[in-house]
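Below, read A as the first sequence line, B as the second, and so on, with proteins coming before strands; counting in each chain starts at 1.
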Amino acid sequence: MSDSAKTAPQTTVATTPNAGPDSGIPDGQTPRMLVIDGHSMAFRAFYALPPENFATDTGQHTNAVHGFTSMLLTMIRQQRPTHVVVAFDLDTPTFRSLEYTEYKGGRNKTPEEFYGQIDLIIKVMEAMRIPTISVDGFEADDIIATLSTQGEAAGWDVLVVSGDRDAFQLITDKVLVLYPKKGISDIPPMDAEAVETKYFVPPNRYSDLAALVGETADNLPGVPGVGPKTAAKWLKQYGSLDGIMENIDSIGGKVGESLRAHVDDVVRNRRLNHLLRDMELPVAINDTVLQAPDREAVEELFDALQFNTLRKRLFDLFGEEEAADDGEGHEVPAHQVVSDAAALGAWLGAGANGELAAVDVLSEKAGLAHEAVAVALVRKESAVVVDLGTADAELETALAAWLSSDAPKVVHEYKEALKALSVRGLDLGGVVDDTSLSGYLIQPDRRSYELPELSQVHLKVTFEAGGKDSGQLDLGLEGDSRFADAVQRGYVALLLSEHFAPMLAERGADGLLTGLELPLAAVLAQMELTGIDISQERLATLLSDFTAAMNAAQEAAFAAIGHEVNLGSPKQLQEVLFEELGLPKTKKIKTGYTTDAASLKALLEKTGHEFLAQLMAHREASKLKQMVETLKKSVADDGRIHTTYAQNVAATGRLSSNNPNLQNIPVRTEEGRRVRDIFVVSEGYECLLAADYSQIEMRIMAHLSGDAGLIQAYAEGEDLHRYVGSHVFGVAPEDVTSAMRSKVKAMSYGLAYGLTSFGLSKQLEISVDEARTLVKDYFDRFGGVRDYLRGVVEQARIDGYTSTIEGRRRYLPDLASTDRQLRELAERVALNSPIQGSAADIIKRAMLGVDAQLKAKELNSRMLLQVHDELILEIWPGELDAVKALVIEQMGAAAQLQVPLEVQVGVGASWNDAGH
DNA sequence: CTGTTAACGTA
DNA sequence: CGTACGTTAACAGG
């Protein structure tokens, strides 16, 4: 990572009158001026980089700015100009467009993502102290021509950067054109020779040639039938366009006639493509001397644009080290590998009382889990490493005591550290920050919270990841560098933690961190280590059953069409269904027509084709078989499955589960539920207990909206959907039909996801008008819900974020997007996030309560799984009643809402049996 | 070998 | 044109 060392100052000798002390022009060198066509290069950059990959949190696209800046830095590095200037067109009419209204007409509309990027480029130029010029009524090309003429007259070298071929007329011995071929990296210089090779005329005749041939980019038609070769032949014969005009009647052949017929166009073209070389410019060439950038302005602007690699490149180019975070030096402390308890004690004693230390745990794969092999303890100024492989008992005891103590610690990925230490019998206490969690709370929709990334984004400091668990072969030699990496990670975590503390406080998220997420990490670590028992026999049976069903369906499907086909390939299926069998087309997707389950079902109902029935049976069986196979592969040596929960993946605050995902085990169909039968109670335990919240999202909706009707329904313990149905349809509760109930149910849940009338009509297979009426009737009766939903989006637009009941935020910059699709998605997200996120808060709180009560009551029962609104526990013999009671109590008390939180509990020998 | 798409499982 | 996830096979590109 970068440190505080500053490089030696560069030699700075001014050779031009206006060159300031910052200019880096070596004495006696010919000045070299880079003249850039701003718009042309911005467009090149825009089309070379995908806009979706370059945007700030506020939704401003920056791909053109990024590409332009990158290209500029590359050219400064390669060409080493002493002077740089950028010319821009204005939106106002020019003398050309006034004379010929079709000038540059027919061009595509400027893409929306391009808006604002020219202004940003100009700001970047200001920060870099590079002058920009634009003149009302004139084009950048004229400015460029004037500048290059002035530069040449002063005896300078000039490099014109433009994607416009008109610039070729400027080429001389002293003036070269850098013409980008494609993208922003391939920009070969064009000299006179290159122009002659390509167009068969010298640069000073290029405009003549272009007038004859025409220029599609400028919407200037040329002489039909005349290309560069013919034009060049004539120019060679008659010397110039004027020469051609004088002899126009003696030019024979069809092209000669064509020329005479279009002579007006040619004259006009020549007048328009002639560049002005004698404009009055607001900037003299001597004012364009390249200076060191305005450091502060660059920092501020690049922060806003989130240009971190460019910032580094820029400062590297100008021979300056990047400013450290806060001006302080960032220096990873040297470390000492302690070999005895006394040395560790000395280091621990040297720390100020209550001083924060980082802990980084090095681990290696041991069986299925990771086991700690070394621990780095890092403070700002010093660090030690304890190698658990060589530590004696006394040292390990001393380390264990400190690790489990209340001494404040910061960790990156606390849960992983806990697990690795736990495997070795060590505990970790006093953790006040996990930077992977605090980073998440600050910005919950990042893709990753890896240390190098957080460092780059928040500290603007780059460091290479050492590969925490990369040391597959521990040859001893690697020890030192792995230790150094651990110390570095600890140091970065320490800096990040300091950086995050005020940000968390400002967001009111510090309580969420220390009161919820950190303690939850410890609970999750234990759940992951415990895992859930698997019945190998049932698993084997299921696998063979599903395999048989899959094969049978496949055979039958082949028989139905008379040949084989890969049923798993949507592409091949499309061919069979829509071409071979000529079935009606389904919904369009990118690659043709969908073959998803809903469409197949509709097709089957319409046509009754046997192939469809078998295909659907095959889909179901193969999906289940594949899932069972995955589960089988993830059974550990202890006969159990240990999922991993991700605490910082779902932007709403939910957990996610992977390796394997135990949050998507089937439950809706009879066959699918058989998969739940393989998850069984462990030997020595009495049963599994499944406890889930009843309609938690609707209850949260009732609470947040304060809608009197909904609250009353829940208070009276009514069937919510029946109650709502009776009011929406104006019938007595007992007269609500099941069709009415399911309509209302779909709508109630849909509202929490930002459902539109269109979507509702689709789902209920009714017309949009009917759906709209349904929504209206719903809102007429439950106005609180409508007001709440409306208010959520409005408030989020004002604040820039939504909040859950525990104050967990989600930032939604796209609410301000001009892209309707993006904006409306953000609106739906704004509707859903407080509800889904609050439900996540509640069950997390409940998990802490259940865990605490199990410990307080010294029970042996344990929590195994969480599935968003459901907890699975394993019950120790004799503890069922006690655990059932405490689970209901803790889950019910996890939040104080305006409606009761109802919990349903089931027990059984398998997960399926415990379900209800 | 990598990334993307379609499909589908859960809440 | 209803949110949040993870996993898989097939496929396309390098």
Letter by letter from the 5' end, nucleotides 3-9 of chain C scores (B base, S sugar-phosphate only, - none; protein heavy atoms under 4.0 Å) BBSBSS-
In whole angstrom, give the distance that lies between atom CZ of F679(A) and atom P of dG9(B).
16 Å
R668(A) side chain near dT10(B) phosphate (N/O to OP1/OP2, under 4.0 Å)
yes
NZ/NE/NH1/NH2 to OD/OE distance under 4.0 Å, D841(A) and K844(A):
no
Can you check nucleotides 12-14 of chain C for protein contacts, nitrogen or oxygen pairs under 3.5 Å, and list what you find?
| unit_1 | atom_1 | unit_2 | atom_2 | d |
| --- | --- | --- | --- | --- |
| dA12(C) | OP1 | K571(A) | NZ | 3.4 |

Table please: side-chain donor-acceptor pairs of residues 740-748 of chain A below 3.5 Å, with sequence neighbours left out.
| unit_1 | atom_1 | unit_2 | atom_2 | d |
| --- | --- | --- | --- | --- |
| R741(A) | NE | D719(A) | OD2 | 3.1 |
| R741(A) | NH2 | D719(A) | OD1 | 3.2 |
| R741(A) | NH2 | D719(A) | OD2 | 3.3 |
| S742(A) | OG | S738(A) | O | 3.3 |
| S742(A) | OG | A739(A) | O | 3.1 |
| S748(A) | OG | V744(A) | O | 3.1 |
| S748(A) | OG | Y778(A) | OH | 2.9 |

Taken in chain and number order and not counting sequence neighbours, the residues that satisfy ring pair (Phe, Tyr, Trp, His ring centres under 6.0 Å) with F729(A) are none
Just how far is it from atom CG of L662(A) to atom CD1 of I532(A), taken to the nearest 0.5 Å?
7.5 Å
Table of protein N/O atoms under 3.5 Å from nucleotides 2-6 of chain B N/O atoms:
| unit_1 | atom_1 | unit_2 | atom_2 | d |
| --- | --- | --- | --- | --- |
| dA6(B) | OP1 | K590(A) | N | 3.4 |

Report the residues that fulfil ring pair (Phe, Tyr, Trp, His ring centres under 6.0 Å) with F611(A), sequence neighbours left out, ordered by chain and then residue number.
none
Which pairs would a plain distance check flag for residues 903-914 of chain A, meaning a side-chain donor or acceptor within less than 3.5 Å of a matching protein atom at least two apart in sequence or in another chain?
| unit_1 | atom_1 | unit_2 | atom_2 | d |
| --- | --- | --- | --- | --- |
| S910(A) | OG | D677(A) | OD1 | 2.9 |
| S910(A) | OG | N912(A) | N | 3.3 |
| S910(A) | OG | D913(A) | N | 3.1 |
| S910(A) | OG | D913(A) | OD2 | 3.4 |
| N912(A) | ND2 | D677(A) | OD2 | 3.4 |

With sequence neighbours left out, the residues meeting side-chain contact (heavy atoms from CB on, under 4.5 Å) with N658(A) are T644(A)
Please work out which residues in residues 755-774 of chain A have a non-hydrogen atom less than 4.0 Å from an atom of DNA chain C and list them by number.
L755(A), T756(A), F758(A), G759(A), Q763(A)
Using the C1' atoms only, state how far dT4(B) lies from dG2(C), rounded to an integer number of Å.
24 Å
d(CD, Q572(A); C1', dA7(B)) in whole Å
16 Å
Rounded to whole angstrom units, what separation is found between the CD1 atom of I665(A) and the C1' atom of dC8(B)?
13 Å
So, are E794(A) and R797(A) salt-bridged, with charged N and O less than 4.0 Å apart?
no
Decide, yes or no, whether a salt bridge links R699(A) with E902(A) under the criterion of side-chain N to carboxylate O below 4.0 Å.
yes
Got a sec, which residues hit side-chain contact (heavy atoms from CB on, under 4.5 Å) with E580(A), two or more places apart in sequence or on another chain?
I561(A), H563(A), V576(A)
Are K623(A) and E629(A) close enough for a salt bridge, meaning some N to O gap below 4.0 Å?
no
To the nearest Å, give me how far apart CG (L573(A)) and C1' (dA7(B)) are.
11 Å
What is the distance, to the nearest angstrom, from the CZ atom on F546(A) to the P atom on dG9(B)?
12 Å
Separation of dA11(B) atom C1' from I842(A) atom CD1, nearest Å, is 14 Å
Kindly list each side-chain donor-acceptor pair under 3.5 angstrom involving residues 779-792 of chain A, sequence neighbours excluded, with atom names and distances?
| unit_1 | atom_1 | unit_2 | atom_2 | d |
| --- | --- | --- | --- | --- |
| D780(A) | OD2 | K776(A) | NZ | 2.9 |
| R781(A) | NH2 | H727(A) | NE2 | 3.4 |

Considering only residues two or more places apart or on different chains, which pairs with a residue in residues 790-835 of chain A satisfy ring-ring contact (aromatic ring centres under 6.0 Å, His included)?
Y801(A)-Y811(A)
Rounded to the Å, how far apart are L577(A) CG and dA7(B) C1'?
14 Å
Cation-pi geometry met for K587(A) and Y593(A) (6.0 Å, 45°):
no
What is the separation between atom NZ on K844(A) and atom P on dA11(B), rounded to the nearest whole Å?
18 Å
